[in-house]
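I have placed the structure first, in the form of structure tokens, so that the comments after it can refer back to it.
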Amino acid sequence: MRKNIVAGNWKMNTTLPEGLALAKELNETLKGKALNCDVVIGVPFTHLASIAAAIDTTKIGVSAENCADKASGAYTGEVSAAMVASTGAKYVILGHSERRAYYHETPEILKTKVELAMANDLTPIFCIGEVLEEREAGKHFEVVDAQIKESLFHLSAEEFGKIVLAYEPVWAIGTGKTASAEQAEEIHAHIRATLAAKYGETVADDCTILYGGSCNGSNAKELFSKPNVDGGLIGGASLAVDKFMPIIEAFDK
Ligand code: 13P
């Protein structure tokens with residue numbers, strides 16, 4: 001079944017004590033609250049084990065922000081999917097536009113990362129999205145289709161059923177410029193149609209597709225009210241509980 005998810009992506013922010021304090025504060029705030037969505041926090045590798053041990057992971061899923069494209073061995077500085085899973089994390093964000101742009105992650109590399117994540121029972125939160133020039137040239141539909149096909153369409157329908165997608169237009173990330181709810185709905189519906197053509201209506205219907213890019217307490221409700229927007233992947237506004245909570249509570253049904 002399709003789930004509503006609000007996921008934070010802390011990116012390269014917070015020291016370990018700061019991150020632990022933030023996670024504990026969120027944990028306390030959510031205690032005893034009935035929620036209409038799953039909550040996930042994507043945190044730096046260094047924080048995973050401590051945070052997973054300090055919070056109620058049945059209430060807040062813990063996610064890595066990346067994993068290696070190799071299983072193990074002589075890859076100095078890399079962190080494998082198995083290592084991530086061993087911390088208690090259940091998710092891994094893959095294919096974020098910052099990883100694609102600054103660390104040259106290709107569709108092929110991402111395909112391997114997805115496979116390794118899934119082999120270690122991690123749920124990939126797989127990011128797709130166009131840059132501004134592509135949107136202005138009307139190419140956003142084909143760009144997201146290619147990103148999905150190149151890294152995910154080798155999966156069986158059963159495997160694909162475990163993927164969470166996050167549509168993040170690059171021009172909206174950290175810019176304060178959000179896609180309108182209509183723009184988000186239009187491309188999310190398109191993505192779902194692409195999934196239906198490959199895997200059939202049921203798999204497409206069941207896929208959680210998050211929106212990311214300057215999502216905040218003021219625009220979350222309108223975005224999440226759209227039938228094909230199943231939640232958000234939240235950067236800046238996930239770094240303070242008083243900013244993250246209104247987004248979580250934007251799901252009031
Ligand atoms: P902002 O919410 O800071 O725009 O970041 C979005 C994002 O990149 C989440 O992965």
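Throughout, residue positions are numbered sequentially from 1 according to the sequence presented. None of the values given here were measured: they were computed from a predicted structure.
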Taking only Lys NZ, Arg NE, NH1 and NH2, and the carboxylate oxygens of Asp or Glu, determine whether [X] and [Y] approach each other closer than 4.0 Å.
X      : Y      : value
Lys11  : Glu98  : yes
Asp38  : Lys90  : no
Lys139 : Glu142 : no
Glu182 : Lys226 : yes
Glu105 : Arg100 : no
Asp230 : Arg2   : yes

| Gap separating the CG atom of Leu110 from the OG atom of Ser151, nearest 0.5 angstrom | 4.5 Å
| request: Find the distance between CG (Asn9) and CG (Leu239) and round it off to the nearest 0.5 Å. | output: 9.0 Å
| Is the Tyr211-Phe224 ring centre distance short of 6.0 angstrom? | no
| said: For His154 and Glu115, which I'm curious about, is there any donor-acceptor pair between the side chains at under 3.5 Å? | reply: yes
| message | With a 3.5 Å distance limit and no angle check, can you tell me whether Lys113 reaches the backbone of Pro124 through a side-chain donor-acceptor pair? | response | no
Connected hydrophobic set around [X], excluding itself, where side chains approach under 4.5 Å:
X      : result
Tyr103 : Tyr102
Val164 : Ile5, Val40, Tyr91, Ile93, Ile125, Leu210, Leu233
Leu116 : none

| request: Evaluate whether atom CD of Glu158 has more than 12 neighbouring non-hydrogen atoms of other residues, nucleotides or ligands under 6.0 angstrom away. | output: no
